[in-house]
Each structure stands twice: as structure tokens, then as C-alpha cells.
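Every chain is numbered from 1 and lettered A, B, ... according to where its sequence line falls, protein lines coming before strand lines.
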Amino acid sequence: MNERHVAHERDAASDGDNRFENDERHYDFAAIQDKWLPVWDELKPFRSGDPADKRPRKYVLDMFPYPSGDLHMGHAEAYALGDVIARYWRQQGFNVLHPIGWDSFGLPAENAAIKRGIDPREWTYDNIEQQRTSMRRYAASFDWDRVLHTSDPEYYKWNQWLFLKMYEKGLAYRKDSWVNWDPVDQTVLANEQVLPDGTSERSGALVVKKKLTQWYLKITDYADRLLDDLNQLEGSWPSKVLSMQRNWIGRSIGADVDFEVEGRAEKVTVFTTRPDTLHGATFMVVAPDSELAAELVSGAAPDVRTSFQEYLEFVQKSSEIDRMTADRPKTGVFLNRYAINPVNGERLPIWAADYVLADYGHGAVMAVPAHDQRDLDFALAFDLPIRVVVDTNAPVTGAIPVITAEQLESGELPDDIEPLDPKTTGVALAGEGRMINSGSLDGLSKRTAIQRIIERLESEGTGRAAKTYRIRDWLISRQRYWGTPIPIIHGQDGSLIPVPEDQLPVVLPPTEGLDLQPKGQSPLGAAEDWVNVANPLDGTPARRDPDTMDTFVDSSWYFLRFLDPNDDTKAFDPAEAEKWAPVDQYVGGVTHAILHLLYARFITKVLFDLGYVSFTEPFSALLNQGMVLMDGSAMSKSKGNLVRLSEQLDEHGVDAIRLTMAFAGPPEDDIDWADVSPAASAKFLARAWRIAQDVTSSPDIDWKTGDLSLRRTTHRFLAEIPGLVEAFKFNVVVAKIMELVNVTRKAIDSGPGAADAAVRESAEAIAMALNLFAPYTAEDMWSQLGYPPPVALAQWRKPSPNLLVDDSITAVVQVDGKVRDRLEVSPKISGDELEALARASASVIRSVGDREIVNVIVRAPRIVNIATRSAG
RNA sequence: GCCUCUGUAGCUCAGUGGAAGAGCAAUUCCGUCCUAAGGAAAUGGCCGGGGGUUCGAAUCCCUCCAGGGGCACCA
């Protein structure tokens, strides 16, 4: 607060006789910002597009923002952290591509436009302008020659191109299906955009199901590759994201088994991961909302049809949320039909129950209540038979016996021993064991039995090995205005005609005369001049597809467009992609763990298959930063805990805020703004800055004349910082800089003094390290130290190996594990020498006293431990 | 319920078999015309609990407790 006032007064009276003006020791962040920002604008140190540039390349990418209002604290954190990495690689001699753009299509713009009666373009581009200004002031080291906005026709033209390429390949298709409908935003959503509680990721509304014909991208064709290629990312992506993606794709391996159904010509196929338990199947369950269920009851007696109808209505009334809650009692209805178990000819009653999902597997399961908890719950609820076919108490070869001989002998059985009767315990037997009651499978282990039964089913033609997935195709149609028009024309006969490539882009019509109010159908359908076109094939009247694309299409390939965002002849240049891509380091929030990252991985593989890129994963490494909270919860205006970035920047300065973001903790942890102190950051920066002010030597001074102890500290610092940055331990790096600043301050005030070469050497290291976090302060220090800008391109110094080893080391002498003496010894001392010194130590002799020495452990040069026992 | 990560100074975190650390905050002192800045010093710890391995454990093993995250009727 005070600092802010001081800074402003100073601005106002900058040509007066302000006493701060004469006090060069005063750190004035506002003046420093004002001084260096224009210099950087002039020098453009972060341009990356010079073809003559011989430096090796790195591509460091921050997830691009959505332009909703000005930048907020979350942006400030993300861009501060991404910038540390970009600046680090430049110091290490790399030509770093660090671009920025805007993900500027989407509903917030449209909704804001409706509310204020303006064009979404106006709202969007005004916000972009504001964010751009804020980012420049924030000194993020972006290459400003490569900016893109996805809402520019020059960008979304290539979305349309990509769509058409996928359409040609059969990867974009239309189908009629049950879809997720957001009743607030009045549009359909992809499965990925529905949260686990059944609400919309964007609007928060409870999503309902609607039957509609929509456009899909065939991501399921890539399910195996999307899953298997995650292994390549192990170690360079957060394991949390990898596991979320694995769960989302949800591959299950098992078998399809065909069951005859009495009175039905076609067999019913079920998917199971436990074909080994086929002999334990005692009933079959079909999803009540499946076509199969409807067909199975169609010829049934009226009372069966009635009870099924009632049940179906009950299921459809119960909300998604109800359906999602685990542990709800099992419900269902008998269909009065029977299936025949292909392995033993048994008649299995067929039930409909909502614990079986219509859109997973085949919408039908074989129920093995003894070995599946859900089936068991159902069997117990409806008094259906239960047959154990795996003896889980029988040890399998190589497995640990459940009961040891001693336990049998003493009668002390462990209480966690698995009992054998699921019917009385209510617990299904899911574990390993030996097959029983299973004919030829008896005695086999689970693994062998699965193999054996699949072979048998295949030879008999009643089943086969199978895989199934949780992931569904990506629904990309949206019934809203502010997005990429789908480049398809519908002929009068219902045919689909791709817009010829030379007619791209299909530009959005102006909003004049259009009602953007969401009403369940795309507003574009009402733009008569736009939607009515001549069929490109024969000139007959035709209509454009009125829907727009999911904005996640836009962001699934934008990292390639950055390679030349102004190229109007192609989406991107494969040669440039070869040079820069894939992205070496991607930085963004974990909220995109599935959505954006999965889609971008998918599209990259598509582009690989189409021959446009030579890699199959877009982002070689990923850093997820945490969120910025206030008082333990996410900031929001309605909660009244909103911290305004602009106010923080005015009060503490850009550098202090960036430093605070980096210092608050490990990058992936959340930051609670109530726990951190930007004022302390500012104080530290002032302290660091004064170091440079105090240095009185000149840049050409001979390092070798410097104080040895401080030089050692500085070179250890130079040696350890790169590893810490590459491990993303930015908070530790900041702490190390603080240590070096403290040591250097001491050297100036009560050591070798400000003129010593080691003080200059240390000050330069501090300036270079601060460039990662506090670029304005670093630049000003650099200038004070006698160098021209930009400090951002100064190369990190290599430490001298001979300054990294100490010439003496403190060896600890312990007696029975307690420290009794410390000896200054050479790092090269031998074990025998060290032991002799330890035994000679007066305090050791005193501690040992008359006790007998039984063992001496020597680890030269660090420690000697003398173990004793009482002599008598 | 399953999987996973984390428990070290008041706070945020280093330390992964060999002396318990850093920064920040708090405290005291010095200093300044005032305020803010600045300098110095000292304080602060059953390393979540218990058990084990070891000459030696914050570190390895077992177990319990607490917190975070992910998944959860997916056959």
C-alpha cells in the first residue's frame, strides 16, 4: 500500500527534486518497469523465427488463454512458471519458441454478447487486447511475432480443412444417437465435457439425454494407440494425468460370448472379462433402455410387458446423479425369457436391470454372482442362484497359501481369511484360486482357465477374445454461433457434400439480424443468406450445416499453427514442424487432463497418419501448475475472496508477484494467496538489487583474485541451479538465490568488501538467476553491473570444477551413535588414518571410558562410529 | 470401496542410510530527523504415531493415524 503510494507520487513528480531521485539505493519497481519494457519492445529478444539462427531449438508452450476479461491470478501463476522454463533454456543457449495466442471461440463470448446486445467479436477482441497489454507488462517472454486467435477466419479455415481431411478418411461421420444435452447452454456436449456427477463441465447444469443426429470424430479408432502411447510419456507427464487418461480410455480385455436365446433366431452376445467363470453364470442381465430389452419383451405376456414398461419409466425418470451413486439397491425386472449357456446348456433367466449400461459392451452381461459383486447384490435381492466356480482358498501354484501350518496347528486363523460362501457373506469372491464345478476347466488357475475357455469358444464358434473400451467417439457439433462452421453442405436429397477446399473458409455470417438466444438449434440456421447455397455438385438449392464445432477442435492442433500463424496457403509447414515439434515442454492446468490433452493427442496421431507430421505425441513433457486459492478455496467474486491481479501488480510490482508465484511451493501444488507474502518478495528483490548497486569492481576484473570462500559458494550455486530448474523445483531455486544474496551481503558488509571480484561474480550470478523470475530487477542489476541488455540472453556460467570441491571436510566421530568429536580432515583421507585420528581424540577416549570397543565403522572422510559394550 | 501422493521449525518447503536444514514470519538489539527501508543476533524440532532392520534411520521394511488427488454399477 505505502509502496504503491510512493511509486505513484514519484511518477507524478519525476522531474521535481524528489529525494528518492537522489537516493540510488532506493528500489523503485515502477520506475524499473517503465525503464525496461520499452527497451525490450525495441530489442525483441524473444523472437525465434530467424532462419539464420544456429542455436539448437526448444519449444516451450503455455496453454493459451480464453479471453474472458483481463488476466487473473491463475494466468499470472501459469505464465510465470512457463516463463521460468523458457528463460532457462535461452540461458542454456537454445533458440526458444515460446508463443502465445488466444482460444477465442466459445460460449462465454456468445453469452456476454447476448446479455449486452453486442457482437461476440467485439467482446472477444476487446478482451484479447486487454490481456495482450497485461501480458506484455507482465514481461512474459513471448515471441510476439507469432500471435494467433482461433476466432480469426485465417485460423478456423484450417479447422475446416482438418475436418474435411478427416471426413475423407471416414474419421468424421454423422450418426443418430443418445447425446448429452446441456439445457442451460442449449447445446450438445462431448462425453468428456460431462463431469462425473452428471453436470456440464461448463455451465454446471444437469445434463440430460436427447436423441439427435450429430457429427462425431472417430477417436475410438485410436483408443489402443492413445492408451499404449501413454507409456512413452511415463516420467515426463504427471502420473496423475496418465492415470486419468488410462481410466478414461478404459480398455478391458476379455471375451465375447454368444448365447442362444429361446425363441429368438439371433444369438445375444455379452462381453466379459472373466470368461473363466462361464460355468458360474446363473442368469443374464440386459440394459433396460437397450433395443435388445425392448425386443425381448415385445412378444411377452401383457403383465410382463407392463412391468417392464413401468421399470423402464422408473429408470428413465431417475436422474443421472441417482444412477451414478454407487451402493444404491439393485433394481430390475424379469423378462420371462431364457438364454442358453453355451458351455453347459443351462437355461439362464434374462432380466433387465439398470446396473447394466446400454452403451457399454453389448448392453448385456452374463451374471456370475459368486464372483462379481454387482451380480451378487442382484442375485441376493431377487433370490437367484449362486454357484461358486473358483475355489479362492485353494492356493494357486506360486501364490502364498492363505493359511499357514502354524495357524492350523494353533487354531489361530487369521480373521481376514476369505470365506467360501458368497451367499451368506454377501461378498463376491474376486480373488485368485482354482476352478471347480467347471467341467474340463476344473483345477486350472484363473489365467489358464481364461485361455482355455477362449480357445474352446473359438473352436465351437460361440465366442472369441475381445476388447472393449469406455471411451466414446467425440461429438463435435454444437448448436451455437461463436465457433467454426462445419464445412458441409446438405443436398436436397439428404446427401452430404463437403465444401470444396478452394471455397474455404466458410466464414461466420455477421450477427446483424440474427437471434443468438440459445433455443436448441443453431442460430446459423436462421441466417438465410448464409445457410442457403447452391449445391457445389449440380447447382441445386442446398443448405449449409448450421452447427459449429466444439472449440476443443480449435485447440487440438494450435501448437502447430504457431510455427507460422500467417501462412495462408496451409495449416502449417511440415518442414517447420520437423524443426520445432513436438512441443518440448507444455505447461498448463490439470483441468485439461482429459479433454484438451486427449483430443490434441488424437489429432496429432491423425495428422501423423495423413503424413503431415513425423511424430505421434504432441507434447513431450507436461507440467501441471496448481491453482491460486484464497483462504483455502477457489477465488470467485461471489465468494468475495477474489484477489485482483492488477491491484497486486500495482502494489508489489510485476517481479514480486512472479517471484511469489514461483516461491510459494512446488509448481504443481495449489497456492493459497493468504499464506504467501508478495511484500516479502518485493523486500527480497530490493535486497538483491542493492547487491548490484554496491558492487564497485568493473566487468573486466579477474575472477581469480576473488575471495575463495564466496567463489566456492557462487560456483556451487552455478552448478546446482540448472538441475533444480529442470526438475521444476523453482521454489528451491528461489531459496538458493536468497541464500546467495545473504552470503554476498555479508561479504560486502563484513567480508572482503564490495570491490572484491568474488562479490561481482556472485552479483552477476544472482542477476542471471533472477532473470528467470524477476526479469525487470534482473535487467536493472545487469545494467548496474555494466552490461548491455538483455540479461535474458546472457549465457549461464559454467562452474569451475576445482571450486566445487572443498579442501577440507568435517568428519564426525560417534560413540554408540552419539556425536563425540568433529575433525577437520582432507577429503582424501584414508579410512585407517581417520580411524587413528578418531581413536586418539580426547573426547572419544573419555566417552569410551572403560567400556570395550566391539566394532568401529569408518566411512572416510565423513564419519567414524565406535560401538562399545560394557566391559564386565 | 480401490489406486495414488503427501505428513520435517509458526508458514512454504529442501534433505532418500552417516552432524536435522533453507527461506519467510515472529523475537531482541543496532541504526535513522520522522516514516518506510537497512544491518546484527538469538530463539524455534519426540522429522505424524508404534514396531522392525542396521554400528547408525527423517531416509529402508511392516503397521496404524491424518490430509490431498484420481477412479468407482464399465461386466
Side-chain angles (χ1 to χ4, degrees), chain A residues 2-3 5-6 20 23 25-27 196 238-244 246-248 250-252 254-255 270-275 277 285 287 323-328 330 353-357 359-368 371-375 377-378 430 468-471 590 593-594 626 660 663-666 668-672 674-677 679-684 686-687 690 724 729 731-739 741-742 745-746 748-750 810-819 821-822 853-859 862-869:
Chain A
N2 290 324
E3 257 173 332
H5 286 169
V6 169
F20 293 112
D23 178 5
R25 290 182 60 89
H26 180 75
Y27 171 78
S239 52
K240 182 164 90 171
V241 175
L242 296 177
S243 106
M244 286 170 76
R246 289 191 177 110
N247 281 327
W248 185 260
R251 179 168 66 196
S252 296
V270 304
F271 174 77
T272 176
T273 54
R274 293 293 306 273
T277 62
V285 186
R323 253 195 111 146
M324 302 272 176
T325 17
D327 302 334
R328 61 196 283 258
K330 290 281 182 287
D354 69 352
Y355 80 92
V356 173
L357 310 176
D359 60 355
Y360 183 81
H362 306 285
V365 302
M366 65 178 214
V368 185
H371 303 288
D372 181 285
Q373 191 61 48
R374 297 153 300 182
D375 296 340
D377 293 342
F378 192 81
T468 186
Y469 304 87
R470 242 183 70 144
I471 190 172
V590 75
I594 294 175
T660 303
F663 185 47
E668 56 280 0
D669 287 7
D670 291 343
I671 298 173
D672 194 328
D675 288 345
V676 297
S677 171
S681 296
K683 208 167 117 182
F684 162 72
R687 192 170 148 82
R690 275 192 309 274
L724 290 169
K729 297 187 171 189
N731 56 325
V732 181
V733 173
V734 175
K736 297 286 179 194
I737 302 174
M738 288 171 169
E739 282 179 52
V741 165
N742 286 349
R745 169 49 55 200
K746 215 166 256 178
I748 292 170
D749 289 350
S750 52
T810 309
V812 174
V813 185
Q814 299 177 335
V815 177
D816 295 323
K818 289 193 178 61
V819 178
D821 202 359
R822 284 163 198 163
I853 294 177
V854 294
N855 197 4
V856 181
I857 292 95
V858 184
R859 293 286 180 274
R862 300 211 53 92
I863 200 159
V864 177
N865 190 10
I866 298 172
T868 70
R869 72 169 164 233

Both distances below 3.5 Å, Watson-Crick or wobble geometry, any strand: find the nucleotide opposite [N].
N: B:G56; answer: none
N: B:U43; answer: none
N: B:G38; answer: B:C30
N: B:G1; answer: B:C71
N: B:A19; answer: none
N: B:G7; answer: B:C65

Quick one: does A:Arg862 reach the base of B:G18 with a side-chain donor-acceptor pair under 3.5 Å?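 Checked by distance alone, the answer is no.
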Report yes or no: is there a donor-acceptor pair, N or O only, under 3.5 Å between the side chain of A:Lys240 and the base of B:C5?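 Side chain to base: no pair below 3.5 Å.
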Going by atom types alone, do A:Tyr355 and A:Asp377 pair a side-chain donor with an acceptor below 3.5 Å?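 There is no such pair between these side chains.
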Do A:Arg470 and A:Asn247 pair up side chain to side chain, a donor and an acceptor below 3.5 Å, judged on atom types alone? no
With a sphere of 6.0 Å drawn around CZ of A:Arg862, does it hold more than 12 non-hydrogen atoms of other residues, nucleotides or ligands? no
Atom [atom1], compared across [N] and [M]: separation rounded to whole Å:
N: B:U12; M: B:G68; atom1: P; value: 14 Å
N: B:A9; M: B:G45; atom1: P; value: 10 Å
N: B:G48; M: B:U16; atom1: P; value: 15 Å
N: B:G69; M: B:A75; atom1: P; value: 26 Å
N: B:A58; M: B:C47; atom1: P; value: 8 Å
N: B:A36; M: B:A41; atom1: P; value: 23 Å
N: B:A42; M: B:G52; atom1: C1'; value: 40 Å
N: B:A57; M: B:G49; atom1: P; value: 15 Å

Out of [options], which has the shortest distance to the side chain of [X]?
X: A:Thr468; options: B:A19, B:A75, B:A37; result: B:A75
X: A:Glu739; options: B:A22, B:G38, B:C13; result: B:A22
X: A:Ile863; options: B:A22, B:G18, B:G38; result: B:G18
X: A:Lys729; options: B:A14, B:G23, B:U12; result: B:A14
X: A:Asn247; options: B:G70, B:A41, B:C55; result: B:G70
X: A:Phe271; options: B:A37, B:A75, B:U12; result: B:A75
X: A:Ala867; options: B:G70, B:C55, B:C73; result: B:C55
X: A:Asn865; options: B:C55, B:C71, B:G69; result: B:C55

Can you find a side chain N or O atom of [X] that sits less than 4.0 Å from OP1 or OP2 on [N]?
X: A:Arg251; N: B:A75; answer: no
X: A:Lys683; N: B:A25; answer: yes
X: A:Asn742; N: B:G23; answer: yes

Measure across A:Ser252 and A:Phe271 and return the closest heavy-atom pair with its distance rounded to 0.1 Å.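 Looking at all heavy atoms of both residues, the closest pair is O-CZ, 3.6 Å.
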Applying side chain to side chain contact (heavy atoms under 4.5 Å, CB included), can you list everything that pairs with A:Glu739, at least two apart in sequence or on another chain? A:Lys736
What is the separation between atom CG on A:Asp372 and atom P on B:C73, rounded to the nearest whole Å? 13 Å
